[in-house]
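See structure below.
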Amino acid sequence: MMSMTLLGILGLLSLFVLLALRMPVALSMLGVGLVGTVVANANKFIAVGMASDQAWARGLKIAYSNLAGETFEAASNFNLLVIPMFVLMGTLAGVSGMSNDLFTAAYRWMGHLRGGLASATIAACAGFAALSGSSLASAVTMGRVALPEMKRYKYSDSLATGSVAAGGTLGFLIPPSGGMIIYAVLTEQSIGRLFMAGVFPGIILTLLFIGAIYLVVLRNPEAGPRGERSAWPERKEALLRAAPILAVVGLTIGGMYTGFFTPVEASSVGAFFTFVVAAWRRSLSFQAIRAVILQTMNATATVFMIIIGAFVFIPFMSITEVPADLVTLLTSLPIGDYGVLLIIIAVYIFLGMFLESMAMLVLTIPVVIPIAIGLDWDLIWFGIIVVIVLEMGMISPPVGINVFIVKSIAPDVPMGKIFRGIWPFWFAMALMIVLLILFPGIALFLPETLVGG
Amino acid sequence: MSDIPKTLRFIALLDQVLTWVSLVFGGLTLVFMTGFSVWNVLIMRKALNSPIVGAEDLLILSLVVIVALSIPLGARTGAHIEIEVLETSMSARFAKWSMIVVKILCIGLLTIMAWRLWHAGGTAAKFGETTQQLLISFGPFYKLLAISAGTYAVVVVLDVWQLMRSGKVTRLKVGGDGL
């Protein structure tokens, strides 16, 4: 008979082997969860004296029942309705050219400053993030709009590409965020509270990114020359063109924060009004509608399959004693809560160099959350820290996904140059984490004030 | 005519079916989810203070439909995330054959998943698995997910065939980016 801890460790090792062999993350978790549940339950029954063949049959029955039950549970989870709806909202905003209006407005107001175009890119990314919830979508959409402009004004390649790659990551932090939704569902936290907790860190991180650009151009003014100063009527006109988009963001996010809508309702209302704005702009051709539907379903498939995998894997991890053993081990170390937190952050940063952020999120939650609970951390605050560390992974070498996205838009810029350009933003994120650790209220103030403790 | 073009034609046909099923049924489901939810929230609940009974039930079932329709499409487009860090350090031969073995494992797993979901669909009525307010049986929706998992398995079988034939898998392109 095998100990539960050993079984858990074998389960994790098998998972890593399957992942390394390029089995889809969802199916790897599903497979290990299924087999692990059989073995763990059979072991438990044998331990209480049941005959071996009966114990295995019972274990198999439980695992089969879990497989069907958890799959249906994930696919019919009412809270997860926000995923297709927010994705729909983002794809509608993307195909209808709303991103151009956001960028133009930010550019008209900030373009004349040194490094202003890069700052405008960050601001537009933050605005688009409030519509889309996807870092990749933000990076692609804004990259296509902003990179040619920055090239025209002779921005350094590293600052131009770095600002797009980093700005894109705001999609993962600024609500509605796909990462937050998954974290909330897997840790049984309120999606609305997490969204609220992401607002101030999102705004502060946007400002920190702009501060990082300021420091870069202060050191090297050639990196971000000034653009033309727009006249006031032009600025007002650009702002007016972006007004419908900002109104949709205000209605959706504002409605959610004031309690007028639940997150699920806000997602549907947001998708509906984004559709109305897109239709009003006459940007919904058959091709655009086709792209919206297929892209929405594509992203829905990614998220739901991975959640189904996690729903099957997490119960198996709970049966094993690995998370509990890890809690005992970490809490027995003479490093205090901050020490444990720093270890977790360091592990995340390390994993972020190799793993895709959403995969990393679902793979680590079963192990990390029991530690956070054991140390009595606020899971909303911890969720925001996790999301920011995952964002760092998106721009960390060697496999930062946003960097590859930017590379696909700017193929003539060498990878090394793009990675050099992301460091100021990477440190801005690190500073944001330090601020969150020192002042948890940055994340918790809004949910505690609006919803209560 | 040889078998090779037949299989390729089957893949092209499958792509067309998946695309059109997604566009028509997926599109209608998305329209329903958005429109019905907005109607229920803004008009019935906020304006008339008379929310539609069972609205949540219908939205939940719509979600199951959209998930079931999305999964096979995602399988063809390559939406299901894989970690490709070690691929560059593998020999081409190892990369190909390990991929084939992994995909065969996936086929087995998806077949079990489809079987168990179909079975659960058959017993849903017996165990009283229904929506909360309208008491609609979950049975057909379990079966829809079973078909979805089964179609995903078929897609992976075709991936294996493509890998054995040309060493690479050609994906369906829909544009856009994941979450």
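Since we're looking at a predicted model, the values are computed, not measured. Naming: A, B, ... by sequence-line order, numbering from 1 per chain.
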Heavy-atom pair of closest approach, residues B/A120 and A/A68: CB-CB, 3.9 Å

A/M23 versus chain B, the contacting section by heavy-atom distance below 4.5 Å: both

4.5 Å side-chain heavy-atom contact, B/Y152 and A/P24: yes

Min side-chain heavy-atom separation B/V64-A/F72 under 4.5 Å: yes

Side chains of A/F272 and B/V41 in contact at under 4.5 Å (non-hydrogen atoms): no

Heavy-atom side-chain contact between B/M113 and A/I308 under 4.5 Å: yes

Among the listed options B/L63, B/V67, B/V65, the residue most often paired with chain A at heavy-atom distances under 4.5 Å: B/L63

Shortest non-hydrogen contact between B/S70 and A/A301, atoms and distance: O-CB, 3.3 Å

Segment of A/T91 engaging chain B (4.5 angstrom heavy-atom cut-off): neither

N/O donor-acceptor pair under 3.5 Å between B/K46 side chain and A/F261 backbone: no

Ring geometry between A/Y64 and B/W115 (parallel below 30°, tilted from 30 to 60°, perpendicular above 60°): perpendicular

Nearest-0.5 Å distance, CE of residue A/M297 to CZ of residue B/F25: 11.0 Å

A/L88 and B/M33, any side-chain heavy atoms less than 4.5 Å apart: no

4.5 Å side-chain heavy-atom contact, B/H80 and A/L27: no

Nearest-0.5 Å distance that lies between atom CG in A/L21 and atom CE in B/M90: 5.5 Å

Heavy-atom check, side chain of B/E82 versus side chain of A/V25, under 4.5 Å: no

CG on B/L117 to CG on A/L67, rounded to 0.5 Å: 6.5 Å

Contacting region of B/S148 [heavy-atom separation from chain A under 4.5 Å]: neither

Under 3.5 Å: donor-acceptor pair, side chain of A/R22, backbone of B/S98: no

Segment of B/L69 engaging chain A (4.5 angstrom heavy-atom cut-off): both

Derivation of the side chain to side chain contact (heavy atoms under 4.5 Å, CB included) call for A/F275 and B/L30: CA-CA 12 Å; A/F275 172 79; B/L30 285 171; over 6 Å; no

Criterion side chain to side chain contact (heavy atoms under 4.5 Å, CB included) on B/L59 and A/V264, from CA distance to verdict: CA-CA 10 Å; B/L59 287 171; A/V264 173; 5.6 Å; no

Chain B contact via A/F304 - side chain, backbone, both or neither, heavy atoms under 4.5 Å: side chain

For B/I81 against A/A359, the heavy-atom pair lying closest together: CG2-CB, 4.5 Å

Non-hydrogen side-chain atoms of A/L18 and B/L105 separated by less than 4.5 Å: yes

Gap between atom CG of A/N298 and atom OG of B/S22 - 0.5 Å precision: 9.0 Å

Toward chain A, the part of B/A149 with a non-hydrogen atom under 4.5 Å: neither

Region of B/L145 in contact with chain A, defined by heavy-atom distances below 4.5 Å: side chain

Nearest heavy-atom neighbours spanning A/I293 and B/G26: CG2-C, 4.4 Å

Which atoms of B/R45 approach chain A - backbone, side chain, both or neither, heavy atom under 4.5 Å: side chain

Neighbour count >12 (heavy atoms, 6.0 Å) for atom CZ, A/F350: no

Under 4.5 Å from a heavy atom of chain B, the part of A/L294 involved: both

Proximity breakdown for A/L19 and chain B, heavy-atom pairs closer than 4.5 Å: both

A/S76 (side chain) donor-acceptor with B/I60 (main chain) under 3.5 angstrom: no

B/I112 versus chain A, the contacting section by heavy-atom distance below 4.5 Å: both

More than 12 heavy atoms of other groups within 6.0 Å of A/K61 NZ: no

